[in-house]
Participant: 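Pasting a structure below so you can have a look.
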Amino acid sequence: MDFTLNEEQQLLKNSAERFVEQDYGFERRRDIIASPDGFDREVWAQMAELGWLGLPFSEEDGGYDGTPVETMILMEAIGCGLMVEPYLATVVLGGGLIAACGNADQKATILPQLIAGKMLLALAYAEPQSRFDPADIITTATKDGGGYLLNGHKAVVLNGGSADKIIFSARTSGDQRDQGGISLFIIDADAAGLKIKSYPTIDGLRAAEIELTNVAAEALGKIDDAYPAIEVVLDAGIAAIAAEAVGAMQVLHDDTLEYLKTRQQFGQAIGSFQVLQHRMVDIYIELEQARSAAVMATLRLTENDPEARCHALSAAKVQIGQASRFVGQNAVQLHGGIGMTDELKISHYFKRLTMITTQFGSADYHLDRMASATPQTNQEEI
Amino acid sequence: MDFNFSEQDLAFRQEVRDFMQHSLPEDLREIAEHGQHFRKEHFVRWQKILFERGWAAPSWPVEHGGPGWTPTQKYIFQEELGLSAAPMPPPFGTGMIGPVLIAFGNDAQKTEYLPRILNGDDWWCQGYSEPDSGSDLASLRTIAVLDEDHYVVNGQKIWTSYAQYADRMFCLVRTDDSVKPQAGISFLLIKMDTPGITLRPIISQDNDHTLNEVFFEDVRVPIKNLVGEAGQGWTYAKFLLGHERSSIGDIAGSKRSLTRLKKIAAAEISGGQPLSEDSAFSRKLIDLDVRLMILEVTQFRLLADEEAGNDIGPAASILKIKGSELSQLISETAVEAIGYYGMPYVHEAVQPGGNEHAVGPNYATGILPDYLFLRALSILGGTNEIQRNILAKTALRF
Ligand SMILES: Cc1cc2nc3c(=O)[nH]c(=O)nc-3n(C[C@H](O)[C@H](O)[C@H](O)COP(=O)(O)OP(=O)(O)OC[C@H]3O[C@@H](n4cnc5c(N)ncnc54)[C@H](O)[C@@H]3O)c2cc1C
């Protein structure tokens, strides 16, 4: 076993951390969030220049042949800076599906552009009734000449308002919650019949409700058989936000520890109270456990056996959710009143971590996913 | 032992319930039901309705315009108020400064202030905390120096809830720094429009404006605005903190939010069935029920003690700790219940009269902002860590 980064990965980590520290100050982030796009296109261009947008793609597709470890490194830095640029939506989710399911033509028109920072993507998979189950799909795709027509409503589509192209899951056959009969489609954001309502999210990002009325769409990958690919890319999303959560928790850990050592009450640093030391130790332990979860998620992502992959990714998500909640709540608590303010960083990290708790499924959802996939113990073995 | 309310108490409960049903204006009900935030005008309007009915100050004696209720009746009233969609008036007036003036104020102060608290004409805020004096309140440094018949106040308060609405502040100031910290504190009443006072809003993490910083620069306060004796402010403040603690427990509020959560869980679909029927989630709801049931009995035991004329002492801290934790847990479970629709944040949708529509189901509005703001319950009124210190000292005598 080896959990160390190789030389190139270490360089990537250094440069990503430096970028966040020097170029992504908290006041700048505040301005970026308030801007019309909700993210900074200049930052995005810089990220392209640094080669970050091409990390996970094969050389054939114009990328750098990276592994999930590179994505983890970058997402952790994104979490440290609480960056709002659409890396998850465009590179991990959208780009991931194009690379996995796209035909030669689709890859050639999209990926080089994406890697150059000139095309943004979004993945529209959830629906108002679907809760966390990506197979719960009402949106329909019906054949229309050579193409398809889509009708339905997609919910809380991350970066749906800024994407140039949006990937949709839709039902081509089967019943509402069947895993079979699901297909993927790709649609230009300005297509006729597409109604996109973009809004801010509580954690400083942007998402959108999208209504489709007879929208002409091009298929992405095999008809009726997209569910496995969707599951893989959502698992990649889990690994990515696990790393993001670790970055965010690291900041809360560091800032809270510093605060305990400097804030004076009763004539002493509040960190001298043992009850607060223990709480801080629990934050530290949760962070370490979360780091283990993020590493496991990242390394199991390339697991060939889908069951083993799902099992590991769901387990990681459960731990990440618990840690995010504990660390977020207690960072606020240990700061007292000042932890409640919009002015301090703390509350912003808390909000992002709160949303990470349910993003790509709550702990209950993932425990269920694990339980339903775990083979029952054989009576005779006991 | 008897675990039931008397016939009279039950009749009283019905009377209060009927009143809430008939007297709560429809627009106020809607604000609450849409998960929006009440503003000053809403609180004041409701206070005046209660005033008309003679119920404006549940804990005051009859001679000052209170209803003269027993502790049980007060409890029932607060519970029914909490269960209804009525705006819960902030405690600063009738719940805090009123009782202090009744106990420690002079006649002139009682005559000047009590009627205007009762009828909602004056809004009060609480000026205790300072940047360097939160949990360690006794270290406060806002100074008041006597200059003939005025105190001249200099310093700063922080976290002052609703100071932007307030006509007056009750304020802890240091009048003597030659004695031990607690003994040098006095209790002053300050008009908020006195020259030298400036406010700076603090936006909290739910993106709302409740909190403020209040700065004092040579603010002249007539000496007649001193409550009781100089140097006794700490005693009066402690008298109040007991009041504040049990009210933060807000069991009625938890009942109401748990009822709301159950409705959400029944409406939210998970895997083709209502979320409330999901085995893991339904157990969470039941677990919340259990916590609520037990806490209520603890509260009843304290109530019976109070009714018997005993001092409930440190037990108020139990209510504060468990009550705040329960409110927070219910809200956390509500966040989980609404799934992805916790993410959208449309600022206008949580403002009364805002015409922007929320995203997603109606019941999702306000769930996240509430969750964020409720984190304050384990911080304000003495943090939960401080409550545990109090119990360690007073109940366990460590
Ligand atoms: C929403 C809100 C509304 C408020 N409204 C008002 C108001 O209207 N008027 C007013 O005067 N104040 C108000 N407050 C202030 C509130 O009373 C203080 O925030 C509180 O007393 C804590 O003080 P602090 O924020 O300075 O935290 P600190 O005292 O600095 O505490 C920081 C952390 O250290 C812990 N800690 C401190 N001392 C100890 C110890 N001895 N042992 C163990 N742990 C310890 C605390 O529990 C906390 O976790 C409000 C606060 C909030 C959040």
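Chain letters run A, B, ... following the sequence lines, proteins first and then strands; every chain starts at 1.
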Participant: Side chain, backbone, both or neither: which part of A:Arg206 has a non-hydrogen atom closer than 4.5 Å to chain B?
Facilitator: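 Looking at A:Arg206, nothing touches chain B.
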Participant: With respect to chain B, which residue among A:Met355, A:Gln329, A:Glu343 yields the maximal number of heavy-atom pairs within a distance under 4.5 Å?
Facilitator: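 The candidate making the most pairs under 4.5 Å is A:Gln329.
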Participant: Is it the backbone or the side chain of B:Glu268 that comes under 4.5 Å from a heavy atom of chain A, or both, or neither?
Facilitator: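 Contact with chain A is through the side chain of B:Glu268 alone.
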Participant: Distance alone, cut at 3.5 Å: any donor-acceptor contact between the side chains of B:Ser324 and B:Asn384?
Facilitator: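 B:Ser324 vs B:Asn384: donor-acceptor pair found between side chains.
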Participant: Side chain, backbone, both or neither: which part of B:Ser139 has an atom under 4.5 Å from a heavy atom of chain A?
Facilitator: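 No part of it gets close to chain A.
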Participant: For residues 317-327 of chain A, pull every pair meeting salt bridge (Lys or Arg N to Asp or Glu O under 4.0 Å), keeping only residues two or more places apart or in separate chains.
Facilitator: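 Sorted pair list: A:Arg325-B:Glu332.
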Participant: Measure B:Ala267 against the heavy atoms of chain A and call it side chain, backbone, both or neither at under 4.5 Å.
Facilitator: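 Contact with chain A is absent: no heavy atom of B:Ala267 under 4.5 Å.
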Participant: So which of A:Arg352, A:His348, A:Lys351 actually passes side chain to side chain donor-acceptor pair (under 3.5 Å) with A:Asp203?
Facilitator: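 Only one option passes, and that is A:Arg352.
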Participant: Quick check: does any side chain N or O of B:Lys320 sit under 3.5 Å from a backbone N or O of B:Leu377, one acting as donor and the other as acceptor?
Facilitator: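 Yes; judged by distance alone, with no hydrogens or angles, the pair exists.
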Participant: Using non-hydrogen atoms and a 4.5 Å limit, figure out which bit of B:Ile338 sits close to chain A: side chain, backbone, both or neither.
Facilitator: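 When you check distances to chain A, only backbone atoms of B:Ile338 fall under 4.5 Å.
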Participant: What part of B:Pro181 lies closer than 4.5 angstrom to a heavy atom of chain A: side chain, backbone, both or neither?
Facilitator: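 Neither; nothing under 4.5 Å.
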Participant: Does A:Ser130 reach the main-chain N or O of A:Ala126 with its side chain, forming a donor-acceptor pair under 3.5 Å?
Facilitator: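 No.
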Participant: So do A:Arg171 and A:Ile138 actually touch side chain to side chain, heavy atoms under 4.5 Å?
Facilitator: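 No; the side chains remain at least 4.5 Å from each other.
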Participant: Quick check for you: among A:Gln129, A:Arg279, A:Gln359, which has the greatest number of heavy-atom pairs under 4.5 Å with chain B?
Facilitator: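 Heavy-atom pair counts peak at A:Arg279.
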Participant: Against chain B, work out which of A:Val275, A:Ile338, A:Leu344 has the most heavy-atom pairs shorter than 4.5 Å and name it.
Facilitator: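 Going by pairs under 4.5 Å, I would pick A:Ile338.
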Participant: Only pairs of heavy atoms separated by less than 4.5 Å count here; which of B:Ser378, B:Ser270, B:Gly339 has the most with chain A?
Facilitator: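 Most heavy-atom pairs within the cutoff with chain A belong to B:Ser378.
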Participant: Let's go through A:Asp255 and A:Glu258 carefully: what are the C-alpha distance in whole Å and the side-chain angles of both, what is the deciding distance for side chain to side chain contact (heavy atoms under 4.5 Å, CB included) to 0.1 Å, and is it a yes or a no?
Facilitator: CA-CA 5 Å; A:Asp255 282 18; A:Glu258 172 72 20; 5.6 Å; no
Participant: Considering only heavy atoms, which portion of A:Met340 lies under 4.5 Å from any heavy atom of chain B: side chain, backbone, both, or neither?
Facilitator: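 For A:Met340, backbone and side chain are both near chain B.
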Participant: A side-chain contact here means heavy atoms from C-beta on lying under 4.5 Å apart; do A:Ile283 and A:Leu252 qualify?
Facilitator: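 No, their side chains stay 4.5 Å or more apart.
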Participant: Measure the spacing between CG of A:Leu276 and CG of A:Leu260 and express it to the nearest 0.5 Å.
Facilitator: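 Separation between the atoms: 6.0 Å.
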Participant: Counting only non-hydrogen atoms closer than 4.5 Å, does A:Asp364 touch chain B with its backbone (N, CA, C, O), its side chain (CB onward), both, or neither?
Facilitator: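 Only the side chain of A:Asp364 comes within 4.5 Å of chain B.
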Participant: Select one option (side chain, backbone, both, neither) describing which atoms of A:Tyr199 are under 4.5 Å from chain B's heavy atoms.
Facilitator: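 Only the side chain of A:Tyr199 comes within 4.5 Å of chain B.
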Participant: Find the one option among A:Arg263, A:Gln333, A:Gln176, A:Arg177 whose heavy-atom pairs under 4.5 Å with chain B are most numerous.
Facilitator: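 Max contact count across the listed options: A:Gln333.
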Participant: Can you tell me which portion of B:Tyr371 sits under 4.5 Å from chain A's heavy atoms? Options are side chain, backbone, both or neither.
Facilitator: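 Side chain only.
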Participant: Do B:Asn207 and B:His347 have side-chain atoms, one donor and one acceptor, less than 3.5 Å apart?
Facilitator: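 The answer is no; no qualifying pair exists.
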Participant: If you look only at pairs with a residue in residues 269-282 of chain B, which of them pass as a salt bridge (Lys or Arg N to Asp or Glu O under 4.0 Å), with sequence neighbours excluded?
Facilitator: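 Output for this query is empty, none listed.
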Participant: Looking at B:Gln164 and B:His209, would you say the former's side chain and the latter's main chain have a donor-acceptor pair under 3.5 Å?
Facilitator: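 Yes, the answer is positive, given that a donor and an acceptor are paired below the 3.5 Å cut-off.
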Participant: Can you tell me which portion of B:Ser133 sits under 4.5 Å from chain A's heavy atoms? Options are side chain, backbone, both or neither.
Facilitator: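 For B:Ser133, the backbone is the part near chain A, not the side chain.
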Participant: Against chain A, work out which of B:Ser135, B:Pro369, B:Pro361 has the most heavy-atom pairs shorter than 4.5 Å and name it.
Facilitator: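 The answer is B:Ser135.
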Participant: Under a 3.5 Å distance rule, please check whether A:Asp133 uses its side chain to pair with a backbone N or O of A:Ala135 as donor and acceptor.
Facilitator: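 It does hold such a pair.
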Participant: With a 4.5 Å heavy-atom cut-off, do B:Leu258 and B:Asp289 have their side chains touching?
Facilitator: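 Yes. Closest side-chain heavy atoms under 4.5 Å.
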Participant: Return the option, out of B:Leu211, B:Asp206, B:Ile269, B:Ile203, with the maximum number of heavy-atom pairs under 4.5 Å with chain A.
Facilitator: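 Max contact count across the listed options: B:Ile203.
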Participant: So which of A:Ile346, A:Thr358, A:Thr357 has the largest heavy-atom pair count under 4.5 angstrom toward chain B?
Facilitator: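 Ranked by heavy-atom pairs under 4.5 Å with chain B, first place is A:Thr358.
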Participant: Quick check on B:Ile202 against chain A: is it the side chain, the backbone, both or neither that has a heavy atom closer than 4.5 Å?
Facilitator: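 Interface part for B:Ile202: side chain.
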Participant: Would you mind telling me which of B:Asn389, B:Leu368, B:Val359 has the largest number of heavy-atom pairs within less than 4.5 Å of chain A?
Facilitator: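 The option with the most such pairs is B:Val359.
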Participant: Quick one: which of A:Ala207, A:Ala363, A:Gly336, A:Gly267 has the most heavy-atom pairs under 4.5 Å with chain B, could you say?
Facilitator: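 The answer is A:Gly336.
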Participant: Considering only heavy atoms, which portion of A:Ile270 lies under 4.5 Å from any heavy atom of chain B: side chain, backbone, both, or neither?
Facilitator: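 A:Ile270 has no heavy atom closer than 4.5 Å to chain B.
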Participant: Between A:Asp37 and A:Ser35, do the side chains contain an N or O donor and an N or O acceptor separated by less than 3.5 Å?
Facilitator: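 A:Asp37 vs A:Ser35: no donor-acceptor pair found between side chains.
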Participant: Does any heavy atom of chain B fall under 4.5 Å from the side chain of A:Glu209, the backbone, both, or neither of them?
Facilitator: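 Contact with chain B is through the side chain of A:Glu209 alone.
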Participant: Please classify the contact of A:Tyr365 with chain B as side chain, backbone, both or neither, using a heavy-atom distance under 4.5 Å.
Facilitator: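 Looking at A:Tyr365, nothing touches chain B.
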Participant: Among the options B:Ala280, B:Pro131, B:Gly271, pick out the one with the most heavy-atom pairs lying under 4.5 Å from chain A.
Facilitator: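 Sorted descending by pairs with chain A, the first entry is B:Gly271.
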